[in-house]
Chemist: 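Pasting a structure below so you can have a look.
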Amino acid sequence: MVDRWTEANRTAGYYVVLKVFGGYRTCANQPQGWHQYASSLDLQQGYSAILSPGFYKYDADAPVVPRDLDRFRRDALTVATSGAPFQLLVTYNEWGEGTAAESATAWASQSGHGAYMDVLHEVFTAHRR
């Protein structure tokens, strides 16, 4: 797969970032970056760091990752200080998986952006790269 993307990108000049898989670090050909799509904090050293406000699929009986603003703040700090070139949020408004960070009545804030976005603003402003 990496070879196919490398070949397809030979003349396009895009920055290719692929999703990790078992053994991705030992591939003979490497894209410019790797990321993981995970339901909670994930670090791919030297490539990416992600965080999520929670994970609760619409059809599940219980959350995989319950919403917890204190945990989210700790995870945001880990991501902001990771040094990873890609620092990602899963997700801004994926309501079907319960990962939305955009404002909602359940976590409204004085700023109007919502508690999760307020945490991101606070933490990432304090740890600018």
Side-chain angles (χ1 to χ4, degrees):
M1 175 181 65
V2 173
D3 292 345
R4 288 193 316 266
W5 276 101
T6 300
E7 183 59 34
N9 193 41
R10 192 167 307 284
T11 58
Y14 293 107
Y15 193 91
V16 177
V17 179
L18 300 175
K19 186 179 179 306
V20 303
F21 56 87
Y24 76 95
R25 289 186 184 269
T26 61
C27 288
N29 293 319
Q30 294 282 316
Q32 290 94 338
W34 295 98
H35 76 91
Q36 178 62 290
Y37 183 88
S39 58
S40 62
L41 181 67
D42 183 84
L43 302 172
Q44 298 297 319
Q45 197 62 39
Y47 294 110
S48 62
I50 68 163
L51 75 156
S52 173
F55 191 88
Y56 191 176
K57 280 191 80 168
Y58 72 94
D59 59 351
D61 294 330
V64 173
V65 179
R67 284 185 175 270
D68 177 338
L69 201 55
D70 291 330
R71 180 211 31 96
F72 185 74
R73 183 181 307 279
R74 289 189 304 273
D75 290 353
L77 182 60
T78 298
V79 170
T81 59
S82 69
F86 283 93
Q87 298 177 0
L88 309 166
L89 169 68
V90 176
T91 62
Y92 179 72
N93 64 357
E94 181 69 49
W95 293 96
E97 292 183 350
T99 60
E102 72 177 315
S103 189
T105 55
W107 51 86
S109 69
Q110 289 289 101
S111 73
H113 299 292
Y116 292 93
M117 295 308 294
D118 289 351
V119 165
L120 293 177
H121 182 261
E122 174 190 320
V123 170
F124 282 88
T125 297
H127 297 280
R128 292 185 191 272
R129 295 184 358 173

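Values reported hereafter were calculated over all heavy atoms of this structure, with side chains retained and with hydrogens, waters and symmetry mates removed.
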Chemist: Are there over 12 heavy-atom neighbours, none belonging to D59, within less than 6.0 Å of that residue's CG?
Modeler: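 Yes, the 6.0 Å shell around CG holds more than 12 heavy atoms from other groups.
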Chemist: Keeping E94 on the side-chain end and A101 on the backbone end, is there a donor-acceptor pair under 3.5 Å?
Modeler: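 No, the answer is negative, given that no donor and acceptor are paired below the 3.5 Å cut-off.
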Chemist: Between Q87 and S82, is any pair of side-chain heavy atoms under 4.5 Å apart?
Modeler: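 The answer is yes; the side chains approach within 4.5 Å.
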Chemist: Got K19 and M1 here, is their nearest side-chain heavy-atom distance under 4.5 Å?
Modeler: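 K19 does not reach M1 side chain to side chain.
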Chemist: If I take atom CD from residue E122 and atom NE2 from residue H127, how far apart are they, to the nearest 0.5 angstrom?
Modeler: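 Going from CD on E122 over to NE2 on H127, the span is 9.0 Å.
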Chemist: Test your reading of the model: is there a side-chain donor-acceptor pair from R71 to the backbone of P53, 3.5 Å cut-off?
Modeler: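 A pair under 3.5 Å: yes.
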Chemist: Please check this pair: side chain of S48 against backbone of W34, looking for a donor-acceptor N/O pair closer than 3.5 Å.
Modeler: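 The answer is yes, because a donor-acceptor pair under 3.5 Å joins these two groups.
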Chemist: Determine the minimum heavy-atom distance between A38 and V90, stating which atoms define it.
Modeler: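 Distance-wise, the nearest heavy atoms are O-CG1, 4.0 Å.
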Chemist: In chain order, what residues pass the ring-ring contact (aromatic ring centres under 6.0 Å, His included) check against Y58, with sequence neighbours excluded?
Modeler: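 Partners of Y58 by the ring-ring contact (aromatic ring centres under 6.0 Å, His included) criterion come out as none, since no residue qualifies.
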Chemist: Okay, side chain of N9, backbone of Y14: is any donor-acceptor separation there less than 3.5 Å?
Modeler: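 Such a contact is found between N9 side chain and Y14 backbone.
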Chemist: From Q36 CD over to L88 CG, what is the distance, rounded to the nearest 0.5 angstrom?
Modeler: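 So the gap between those two atoms works out to 11.0 Å.
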Chemist: Could you tell me the separation between the CD atom of E102 and the CG atom of N93, rounded to the nearest 0.5 Å?
Modeler: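 So the gap between those two atoms works out to 4.5 Å.
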Chemist: Could you see if V79 belongs to whatever hydrophobic cluster contains Y47? Use Ile, Leu, Val, Met, Phe, Trp, Tyr and a side-chain cutoff under 4.5 Å.
Modeler: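 Different clusters.
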Chemist: Enumerate the ring-ring contact (aromatic ring centres under 6.0 Å, His included) contacts for residues 61-106, please, sequence neighbours excluded, ordered by first and then second residue.
Modeler: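 Every pair satisfying ring-ring contact (aromatic ring centres under 6.0 Å, His included) with a residue in residues 61-106: Y15-F86, F72-Y116, W95-W107.
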Chemist: Where do A8 and A12 come nearest, in terms of heavy atoms and distance?
Modeler: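 A8 and A12 have their closest heavy atoms at O-CB, 4.4 Å.
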Chemist: Please determine whether salt bridge (charged side-chain N to carboxylate O under 4.0 Å, His left out) holds for the pair R10 and E7, giving the CA-CA distance in whole Å, both sets of side-chain angles, and the decisive distance to 0.1 Å.
Modeler: CA-CA 5 Å; R10 192 167 307 284; E7 183 59 34; 2.8 Å; yes
Chemist: Y37: what forms a ring-ring contact (aromatic ring centres under 6.0 Å, His included) with it, not counting sequence neighbours?
Modeler: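 Scan of Y37 (ring-ring contact (aromatic ring centres under 6.0 Å, His included), adjacent residues dropped) gives none.
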Chemist: Do R67 and L69 come within less than 4.5 Å of each other through their side chains, counting heavy atoms only?
Modeler: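 With C-beta onward as the side chain, the pair stays apart.
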Chemist: Counting C-beta onward and ignoring hydrogens, is there a side-chain heavy-atom pair between E97 and F55 closer than 4.5 Å?
Modeler: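 Answer yes - side chains close enough.
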Chemist: Quick check: do L51 and T78 have side-chain heavy atoms less than 4.5 Å from each other?
Modeler: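 A side-chain contact under 4.5 Å is absent here.
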Chemist: Scan side-chain atoms only and decide if T91 and T99 contain a donor-acceptor pair under the 3.5 Å cut-off.
Modeler: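 Yes - a donor-acceptor pair under 3.5 Å links their side chains.
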Chemist: Roughly how far apart are L120 CG and H113 NE2, rounded to 0.5 Å?
Modeler: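 Going from the CG atom of L120 to the NE2 atom of H113 covers 12.0 Å.
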Chemist: Which heavy atom in A84 sits nearest to a heavy atom in A49, and how many Å separate them?
Modeler: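 Shortest heavy-atom contact: CB-N, 3.7 Å.
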Chemist: Examine Y24 and W5 and state if one hydrophobic cluster contains both, with Ile, Leu, Val, Met, Phe, Trp and Tyr joined whenever side-chain heavy atoms are less than 4.5 Å apart.
Modeler: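 Yes.
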Chemist: Please find the pair of heavy atoms, one from S103 and one from A108, that lie closest to each other, and give the distance.
Modeler: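 Reported closest heavy-atom pair: OG-CA, 4.3 Å.
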Chemist: Would you mind reporting whether F21 and C27 have side-chain heavy atoms less than 4.5 Å apart?
Modeler: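 Yes, at least one pair of side-chain atoms sits under 4.5 Å.
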Chemist: Is any side-chain heavy atom of V16 less than 4.5 Å from a side-chain heavy atom of T6?
Modeler: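 No, every pair of side-chain atoms sits at 4.5 Å or beyond.
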Chemist: Any chance CD of Q32 has more than 12 other-residue heavy atoms, nucleotides or ligands included, within less than 6.0 Å?
Modeler: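 Result for CD/Q32: enclosed.
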Chemist: Heavy-atom distance under 4.5 Å between the side chains of I50 and L89, does that happen here?
Modeler: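 Not touching, per the 4.5 Å side-chain cut-off.
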Chemist: Just by distance, do the side chain of T125 and the backbone of H121 share a donor-acceptor pair under 3.5 Å?
Modeler: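 Yes, T125 side chain to H121 backbone: donor-acceptor pair under 3.5 Å.
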